[in-house]
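One structure below.
First the proteins, then the strands, lettered A, B, ... as listed; each starts at 1.
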Amino acid sequence: MIPPAKQKSWLPYLVVGGGILISFLLWHFILWHHVEAYLDLLLPYKSYLSWLALLLGISLSILAGTIIRIIQLDDQRTALLNEMQITLKKEMSERLRAEESKQKLEIALLQGQKLQAIGTLAGGIAHDFNNILYAIIGYVEMTREEEDKNSIKYNNLGKVLEATKRGQELISRILAFSRKQHHEFEVIDLNNTIEAALSLLKPTIPASVSIQFEKNHGISIVGNQTQIHQVLVNIINNAVDAMEGEGTIIIRSTHLTTDDPLLKQLTQSSPQKYCKLEISDTGHGMDQATMERVYEPFFTTKEVGKGSGLGLSIVHSIIKEHRGEILLNSQLGHGTTFTILLPECSPK
Amino acid sequence: MAKILLVEDDDLVRDMLTQVLHRASHDVFCASNGEEATEYLQREKPDLMVTDIIMPKKSGITLISEVKHRHPNLEIIAISGGGRLDPTGYLDLSESLGASVSFEKPIDNTALLMAIDLLLHGKKEKVEN
């Protein structure tokens, strides 16, 4: 394949011109230089020979020129087609990428709307449940007051009150998910916050689980330290459960450049700088069905009584409150990675 | 002993609170929504009103703002279990509209009775002064 710019477009004309010139020279040589002696065999055709040579030469030159031009035109066409093919492929892959990212955004938005709807529903349930609990507590307290403090009835009613306390705690967790609490936001150092959360968590984690923290220095965000602690605690506790008490958790904090492809996953595009917090475990991983429901409140794969199913929905809600994004990558038998993108800011 | 108007749409809570207030020797008049409470206030003059916030027909928020306009001296206690907003959001709003105290359900009834006594005592002092 010859690129059109490098093709010698003058070549066919040179061939035709050169051929015609040679033919004329031949004609002139045969006609004027008495070479009959060498052409005795062609004697009967002698008078036509020079013209025949001229015609033959001209025809051959034109034919050669035409063939060369056809080859050149064909090369040009092939080059053009190849170029079009490359452009088309590029356009197709760009469209495919755009379509994929649109689909991901749609799923994320749908997930957000779904969580919002569940939040509203949970808020309503919490209101009714608080009324129910209040009635139970009120009646039990009144009945208990009439009983002898050493009686079994008095003690049993005390247990009822204890149970209602647990119900109350559950409701406050549901409300924490459903309502937008007004948390104080300030400039915080992400690495210091992670280290503080790890120091809180480490005493509760089995010695057979190792935690590695790899960090890029100088990452600051505008956020609430307690909420970021909660994010880490909830994800790490899930990781420990998924590893059944043995394995490695790797936490990585990194700066992201503004053109990082990961930023295409943001549901709200923002031109500012982002940082990435990755938390990976070597646990049993999740299947697709679990991954799709993982942020739904009350969805849990843990045994009854072991998990409220609110941990990751609270994580999701906190990250959204921090104008960030949380991405999940998991494979059955190959562990799980949560990638959190958060807007970065200048340090205090 | 005081005359208390209790506005609460949940039957169980209303009956329980009625018993609690009776035991503390108060006279209790019940309404199950804001409209019933407004009708009652046109006929009677209670010493204090305890009202829920999220109720059908007329909400506690509307009731408080109307009552404070028509009966500025009536002491109001707002109670709420939350809902579309968080309970503290509603309760903050109710206090800014004129409720003297607010409680988030489930309430510690001893604290509620103490608040009622304090408010009524304060009122009595105001009258005596």
Verdict with reasoning, A/Y134 to B/N109, per side chain to side chain contact (heavy atoms under 4.5 Å, CB included)
CA-CA 10 Å; A/Y134 184 33; B/N109 285 336; 2.7 Å; yes

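- Looking at B/D108, neither its backbone nor its side chain comes within 4.5 Å of chain A, counting heavy atoms on both sides.
- The side-chain contact (heavy atoms from CB on, under 4.5 Å) test with B/K105 singles out one residue from A/L133, A/I137, A/N131, and that residue is A/N131.
- The two residues A/Y139 and B/L12 come nearest to each other via the heavy atoms OH-O, 3.4 Å.
- When all heavy atoms of A/G138 and B/M16 are compared, the closest pair comes out as CA-SD, 3.4 Å.
- Proximity of B/P106 to A/T164: side-chain heavy atoms (C-beta onward) are nowhere separated by under 4.5 Å.
- Interface remark: B/R23 contributes side-chain atoms only to the contact with chain A (heavy atom separation under 4.5 Å).
- Enclosure of atom CZ in A/F129 is not indicated, since only 12 or fewer non-hydrogen atoms of other residues, nucleotides or ligands lie within 6.0 angstrom.
- Counting heavy-atom neighbours within 6.0 Å of A/K153 NZ, excluding the residue itself, gives a total of 12 or less.
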